[in-house]
Amino acid sequence: MPFSSDMQEDRLPDVGLSILTWKSPKTLERTLRSLAPVSDLFAERKVVCQEGDPEEMDIARKFGFDPVPTKTNLGIQEGLAHCAECLESERILIVESDNMFVEQDNARDLLKRALILFDQHEMTAFQLSMRPTHLSDRFLRYWRSDDPLRKNLRGHVWPRAARMRVHGSLALPDTTANGNRFIRKLEDELYLTRSDCISWSNRPFLTRRSFFLGPLMTFARQNPGKKRVNGMPDLEHPINCPANRYWWCGLKAKVGVTYPGLFEHDRLERPEDDEKTAL
């Protein structure tokens, strides 16, 4: 369904926007600059500056965001939690600082529609990051490469694993155009699926504060798994690892998806004490 670019913005719900950064001022400045065309859509705008980096705090103020300093590096999981805690809005959009809002003519309208559809369809989360436009190896492990959507032999043997990879079918032309039995097309570039069909992702997500700080963070903290990033949990692993994914899948929660997506991932620098090295 097409939508009008002159949509009245006074019908938009209140949404808080929070950015997580850790001593990456160049990356943060580029991301906040990319968000400038849509920052007015948000009732609150915060930047959680881990370790209270003065340069990052100045950059946040420069772009009209309130800096929220922390004394220490909280890590990804607890940093994202702090992003939610510092907002008062129930609907929250959380963005790590290395995710830039895309430059395309309809991006603002797509984001506005996502904010509205999130409420209309009573979603638990809306994933807004860019997705592969080609069929991934993980998808092809369980599904055939042609339309219509069909499982291969392994997909029939492992149906639950196949369902968790079915979101990759958005790269199939027929699914992009019409959706399929697992993915409902709501409007152009905006889709609806369930949590047993797509993993939790830290890449920019719209969710409800009460769900994120309540059931999701409670489960992640009680079931931390083994993986650590800079010695601390990253949230995705506790939710998605094989031993724990039963919880997220079992919710069968409504999850929105943008395709190809509204946020690109790229980083200009990393702190010297970050164990990750790739940009």
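For W143, there are no side-chain hydrogen bond (donor to acceptor under 3.5 Å, both in side chains) partners two or more places apart in sequence or in a different chain. Shown here are the salt bridge (charged side-chain N to carboxylate O under 4.0 Å, His left out) partners of K227, two or more places apart in sequence or in another chain: D234. Contacts of R150 classified as salt bridge (charged side-chain N to carboxylate O under 4.0 Å, His left out), with partners at least two apart in sequence or in another chain: D146. Evaluation of the side chain to side chain contact (heavy atoms under 4.5 Å, CB included) rule for M57 yields C49, R61, P67, P69 as partners, not counting sequence neighbours. For T207, there are no side-chain hydrogen bond (donor to acceptor under 3.5 Å, both in side chains) partners two or more places apart in sequence or in a different chain.
Between the side chains of H237 and R228, not a single donor N or O lies within less than 3.5 Å of an accepting N or O. Counted by atom type alone, T70 and E51 present zero donor-acceptor pairs between their side chains at under 3.5 Å. Side-chain contact of N202 with Q77: a donor-acceptor pair under 3.5 Å is absent, judged by distance alone. There is no side-chain donor-acceptor pair under 3.5 Å between S201 and Q127.
One hydrophobic cluster, built from ILVMFWY side chains closer than 4.5 Å, cannot hold both V48 and M232; they sit in different ones. If you chain together hydrophobic residues whose side chains sit under 4.5 Å apart, L74 and I76 never meet in one group. The cluster map of Ile, Leu, Val, Met, Phe, Trp and Tyr, joined by side-chain heavy atoms under 4.5 Å apart, puts L110 and M100 in different clusters.
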Given V257 and L192, is the side chain to side chain contact (heavy atoms under 4.5 Å, CB included) satisfied, shown in steps? CA-CA 6 Å; V257 184; L192 179 64; over 6 Å; no
For a side-chain hydrogen bond (donor to acceptor under 3.5 Å, both in side chains) check, start with the C-alpha distance between D14 and S89, then their side-chain angles and the critical distance, and finish with the verdict. CA-CA 7 Å; D14 285 343; S89 304; over 6 Å; no
Stepwise, does the side-chain hydrogen bond (donor to acceptor under 3.5 Å, both in side chains) test hold for T21 with Q50? CA-CA 6 Å; T21 186; Q50 301 200 83; over 6 Å; no
S24 vs L268, test: side chain to side chain contact (heavy atoms under 4.5 Å, CB included). Steps then yes/no. CA-CA 8 Å; S24 301; L268 295 177; over 6 Å; no
Test salt bridge (charged side-chain N to carboxylate O under 4.0 Å, His left out) on E29 and K62 and set out the steps. CA-CA 9 Å; E29 181 163 10; K62 172 183 173 182; 2.7 Å; yes
Between I19 and C83, is a side chain to side chain contact (heavy atoms under 4.5 Å, CB included) present by the stated rule, with each step listed? CA-CA 7 Å; I19 315 294; C83 283; over 6 Å; no
Evaluation steps, side chain to side chain contact (heavy atoms under 4.5 Å, CB included), between L172 and F139: CA-CA 11 Å; L172 290 170; F139 173 80; 4.2 Å; yes
Which is it for K23 and E56 under the salt bridge (charged side-chain N to carboxylate O under 4.0 Å, His left out) test, yes or no, and what are the steps along the way? CA-CA 7 Å; K23 296 190 293 188; E56 290 190 323; over 6 Å; no
Start with the C-alpha distance between K185 and D188, add both sets of side-chain angles, then the distance that settles salt bridge (charged side-chain N to carboxylate O under 4.0 Å, His left out), and finish with yes or no. CA-CA 7 Å; K185 182 176 182 179; D188 288 346; 3.1 Å; yes
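Distance check: N244 CG to N223 CG gives 5.0 Å after rounding to the nearest 0.5 Å. The distance from atom CG of L111 to atom OG1 of T258, rounded to the nearest 0.5 Å, is 9.5 Å. For the atom pair L41 CG and R45 CZ, the distance stands at 9.5 Å (nearest 0.5 Å). In this structure, CZ in F205 is found 4.0 Å from CD1 in I94, a value given to the nearest 0.5 Å. For the atom pair S199 OG and H167 NE2, the distance stands at 5.0 Å (nearest 0.5 Å). Separation of atoms CZ (R181) and SG (C197) is listed at 10.0 Å; rounding is to 0.5 Å.
The side-chain hydrogen bond (donor to acceptor under 3.5 Å, both in side chains) with R267 is formed by just one residue from the set T31, T27, N99, D98; it is D98. A side-chain contact (heavy atoms from CB on, under 4.5 Å) with W158 is found for one member of R154, R160, H156 and no other, namely R154. For the pairing with D196, the salt bridge (Lys or Arg N to Asp or Glu O under 4.0 Å) check across K254, R163, R165 returns one residue only, R163.
Side-chain contact between I92 and S18: absent, with no pair of heavy atoms (C-beta onward) separated by less than 4.5 Å. In this structure, V166 and Y142 have side chains that are not in contact, with every pair of non-hydrogen atoms separated by 4.5 Å or more. V255 is not listed as a side-chain neighbour of W200, based on a closest heavy-atom distance of 4.5 Å or more. By the 4.5 Å heavy-atom criterion applied to side chains, F63 and R33 are counted as neighbours. Side-chain contact check for L251 versus T124: every heavy-atom pair is 4.5 Å or farther apart. Between E103 and S34, every side-chain heavy-atom pair lies at or beyond the 4.5 Å cut-off. A 4.5 Å side-chain heavy-atom check between W247 and P215 finds at least one atom pair inside the cut-off. Residues I59 and P25 form a side-chain contact, since some pair of their non-hydrogen atoms from C-beta on lies under 4.5 Å apart.
In summary, R11 and D119 do not engage in a salt bridge, as defined by a charged side-chain N under 4.0 Å from a carboxylate O. Salt-bridge check for R221 with E78: passed, with a basic side-chain N closer than 4.0 Å to an acidic carboxylate O.
Of all heavy-atom pairs spanning L20 and G75, the tightest one is CD2-O, 4.5 Å. Nearest heavy-atom pair across L128 and A114 is CD2-CB, 4.3 Å. I116 approaches P13 most closely through the heavy-atom pair CG1-CD, 4.4 Å. In terms of heavy atoms, F126 sits closest to L117 at CE1-CB, 4.5 Å. Closest approach of I198 and M164 over heavy atoms only: C-CE, 3.8 Å. The heavy-atom pair separating L32 from A60 by the smallest distance is CD1-CA, 3.9 Å.
For residues 73-119, the ring pair (Phe, Tyr, Trp, His ring centres under 6.0 Å) pairs, not counting sequence neighbours, are F101-F263.
In this structure, F219 has its ring center at least 6.0 angstrom away from the ring center of W248.
Within 6.0 Å of CD on E88 lie no more than 12 heavy atoms contributed by other residues, nucleotides or ligands. Around the CZ atom of R30, the shell of radius 6.0 Å holds more than 12 heavy atoms that belong to other residues, nucleotides or ligands.
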